[in-house]
Amino acid sequence: MPTKYIFITGGVLSSLGKGLAAASIANLLESQNFKIGMLKLDPYLNIDPGTMNPFQHGEIYVTDDGAETDLDLGHYYRFTNTFLSKLSNATSGQIYHEVIKKERKGDYLGKTVQVIPHITDEIKKRILLASKQKKVDFIFIEVGGTVGDIESLPFLEAIRQFKLENNNSINIHLTYVPFIKSALEFKTKPTQQSTQILRGIGIIPEIILCRCEKQLSDDIKSKISLFCNVKKENVIEAKDVKKSIYEVPLEFHKQGIDKKICHFFKIKYRSTNLTEWKSFVQKIKNPKEKIKIAIVGKYLNYRDAYKSIYEALLHTAYHNYLDIDIKKIESDKLANLKNLKQVHGILIPGGFGKRGWEGKILACKYAREKKIPFFGICLGMQALIVEFARNILKLKKANSTEMDPKTKYPVISLMIEQKKIENLGGTMRLGAYICSLKKKTKIAKIYQTNEISERHRHRYEFNNEYKKLFEEKDIIFSGILKNKTLCEIVEIKNHPCMFGVQFHPEFKSKPLSPHPLFNFFIKKALECKKKG
Ligand code: GLN
């Protein structure tokens, strides 16, 4: 079957959940056994989000091939089995960079280089490249931002051209239908206007997804259909879900969006197998216990900065029939350990820079001494090491050279010879690396294998000069970079659950197959609760 292209645009305002909508519809098509691909187009000028502040952009999601990408790729990964790589996310920065490089090489043969056709051609090329990286039946192309933004214009123009040149395309437009309390009515004007902007550019959406707080009446759907030139049956509600985003595919399925897409492309609708997904959602609705997990970090006010960590904790808890209360603790305010009382597990996520560092070390000490389940991710592992060095090995001011370049005991330092940092992108260990697990360790038991592949995004490493000292005192280096010496996993003996990993397991956790380390941590947290 020739690949079909599903474009997702958004109107009215940002944060309506385009990524989630795309991932949910992709999930439904995949459960009909279609092969799907995903591409996120981001209109900003950065080459990638890697150098952006987490408050600006949220989490940086990393793919196996080491691309630093938009967090929507995390949704794609959790909701589908799609293949993701650096071709799965393109920014305006990359597109313009490519065009300007070609111009300098003289590839345009003296022509004037313009947004139309040169930038739009490059965008269309990226769409085709993404759709060809694996053979897929459908590819979703989500355009970041909101229609009407100046930056997204070249992308929308490219979609218009693409639809003209390729009749295997559909546009789904996600808008907002607010319920105005003072008037006790839904208002369709914002939807009408954002669809008008799209039509002005020459794109007529085939399906409109209406983000709304509650069910839309028939009249409202008729009105949207009439004013937006979309068949009434293609006006779909994207109603706020009760408890979890994992309910979204089922809500869309109830309204038959998967059927409508097949119908549009004139392909036979295959029956959808959602059994596993449904039983997962059932678990969310019937938790048996509730556990409390503390995340000690520094970007906690911004919900999206640790997106994959939250999702991994949530879906792993749900998978185990548990409800979870995630307590966010700002590490630079952790002078008082009172905040950690009554939690059943402590997780320290990745991070950069000095602010809040000492608070993280304090949290490690507390978890180690009180035998609270502890999970250190990337910077979290480094904090575990520094705390152990200071308090057990008695290397008093031990530190990471990231936090104190002159430390007497650099237990965490730059191990890979670093070039002088001119280009801030690209100086990190990024992407998937194979790690060999030490036999008979707790970690090997958890993973039930000798070799794993996990994704990295960091500069600093454990300094092997100190390895012996640590091993003499109850630390096991249970994961080592394959055929090399870099330490990837540490565990503390004589503790029910205290380990740190130099990589980011959260990127590979899915609702139907939670990551083994998250699974172990959540189970131990439950045990901790039961012991009281
Ligand atoms: N800042 C640390 C490093 O660069 C940890 C990075 C992270 O947690 N992703 O090594």
Side-chain angles (χ1 to χ4, degrees), residues 5-25 38-46 57-58 70-72 75 89-96 115-117 119-120 122-124 126-127 130 139-166 169-178 186-212 216 220-221 223-231 234-238 257 261 264:
Y5 298 85
I6 303 180
F7 292 97
I8 312 254
T9 51
V12 185
L13 42 99
S14 60
S15 301
L16 288 179
K18 269 193 312 276
L20 190 58
S24 300
I25 302 169
M38 309 294 294
L39 167 64
K40 174 81 195 283
L41 296 173
D42 279 311
Y44 50 73
L45 286 172
N46 306 58
H57 189 272
D70 184 76
L71 57 79
D72 275 328
H75 286 309
N89 189 192
T91 67
S92 286
Q94 289 171 20
I95 309 263
Y96 277 80
V115 172
I116 305 171
I119 295 293
T120 47
E122 199 60 43
I123 296 173
K124 289 188 285 181
R126 287 298 301 257
I127 295 173
I139 177 153
F140 287 74
I141 301 107
E142 180 197 343
V143 184
T146 310
V147 300
D149 295 347
I150 290 179
E151 312 71 283
S152 58
L153 277 174
F155 290 100
L156 299 176
E157 168 59 18
I159 296 176
R160 184 195 66 76
Q161 296 172 14
F162 197 96
K163 284 184 86 175
L164 183 74
E165 293 157 6
N166 188 320
S169 314
I170 192 171
N171 177 262
I172 300 180
H173 188 53
L174 173 69
T175 72
Y176 181 47
V177 183
F186 281 107
K187 291 291 178 190
T188 64
K189 192 69 83 195
T191 299
Q192 293 177 38
Q193 289 184 339
S194 87
T195 317
Q196 265 166 21
I197 298 175
L198 261 190
R199 285 214 306 270
I201 297 164
I203 300 174
I204 302 180
E206 283 79 13
I207 294 180
I208 294 203
L209 289 181
C210 306
R211 184 70 198 269
C212 49
L216 299 179
I220 292 291
K221 286 189 181 172
K223 195 166 170 188
I224 293 174
S225 158
L226 182 67
F227 282 86
C228 301
N229 198 43
V230 170
K231 286 184 190 154
N234 287 352
V235 178
I236 310 270
E237 267 168 26
I257 192 161
I261 291 173
F264 173 84

Would you say the side-chain atoms of [X] pair up with the backbone N or O of [Y], donor to acceptor, closer than 3.5 Å?
X      : Y      : result
Glu237 : Leu216 : yes
Arg211 : Leu16  : yes
Asp42  : Tyr44  : no
Thr195 : Thr191 : yes
Asp149 : Thr146 : yes
Thr175 : Cys210 : no

Closest contact, heavy atoms only, [X] versus [Y]:
X      : Y      : result
Ile25  : Ile172 : CD1-CD1, 4.0 Å
Ile203 : Leu156 : CD1-O, 3.4 Å
Ser92  : Pro43  : OG-O, 2.9 Å
Pro205 : Asn171 : CB-OD1, 3.2 Å
Arg160 : Ile201 : CD-O, 2.9 Å
Leu39  : Arg126 : CD2-O, 4.0 Å

From [X] [atom1] over to [Y] [atom2], what is the distance, rounded to the nearest 0.5 angstrom?
X      : Y      : atom1 : atom2 : answer
Lys18  : Asp72  : NZ    : CG    : 7.5 Å
Lys189 : Ser194 : NZ    : OG    : 12.5 Å
Phe264 : Ile170 : CZ    : CD1   : 4.5 Å
Ile159 : Ile8   : CD1   : CD1   : 10.0 Å
Lys221 : Ile208 : NZ    : CD1   : 12.5 Å
Ile123 : Ile141 : CD1   : CD1   : 12.0 Å

Within 6.0 angstrom of Lys223 NZ, more than 12 heavy atoms from elsewhere: no
Stepwise side-chain contact (heavy atoms from CB on, under 4.5 Å) check, Ile119 with Phe155: CA-CA 9 Å; Ile119 295 293; Phe155 290 100; over 6 Å; no
Any residue meeting salt bridge (Lys or Arg N to Asp or Glu O under 4.0 Å) with Glu206, in chain and number order, not counting sequence neighbours: Lys163
Any donor-acceptor N or O pair under 3.5 Å, side chains Gln192, Gln196: no
Close side-chain approach of Ile224 to Val230, heavy-atom, < 4.5 Å: no
His173 side chain reached by Val147 side chain, heavy atoms, under 4.5 Å: yes
Partner of Leu174 under side-chain contact (heavy atoms from CB on, under 4.5 Å), chosen from Leu209, Ile207, Ile236: Leu209
Stepwise side-chain contact (heavy atoms from CB on, under 4.5 Å) test for Val115 and Glu157: CA-CA 10 Å; Val115 172; Glu157 168 59 18; over 6 Å; no
Intermediate values then yes/no, side-chain contact (heavy atoms from CB on, under 4.5 Å), Ile127 and Tyr5: CA-CA 9 Å; Ile127 295 173; Tyr5 298 85; 4.0 Å; yes
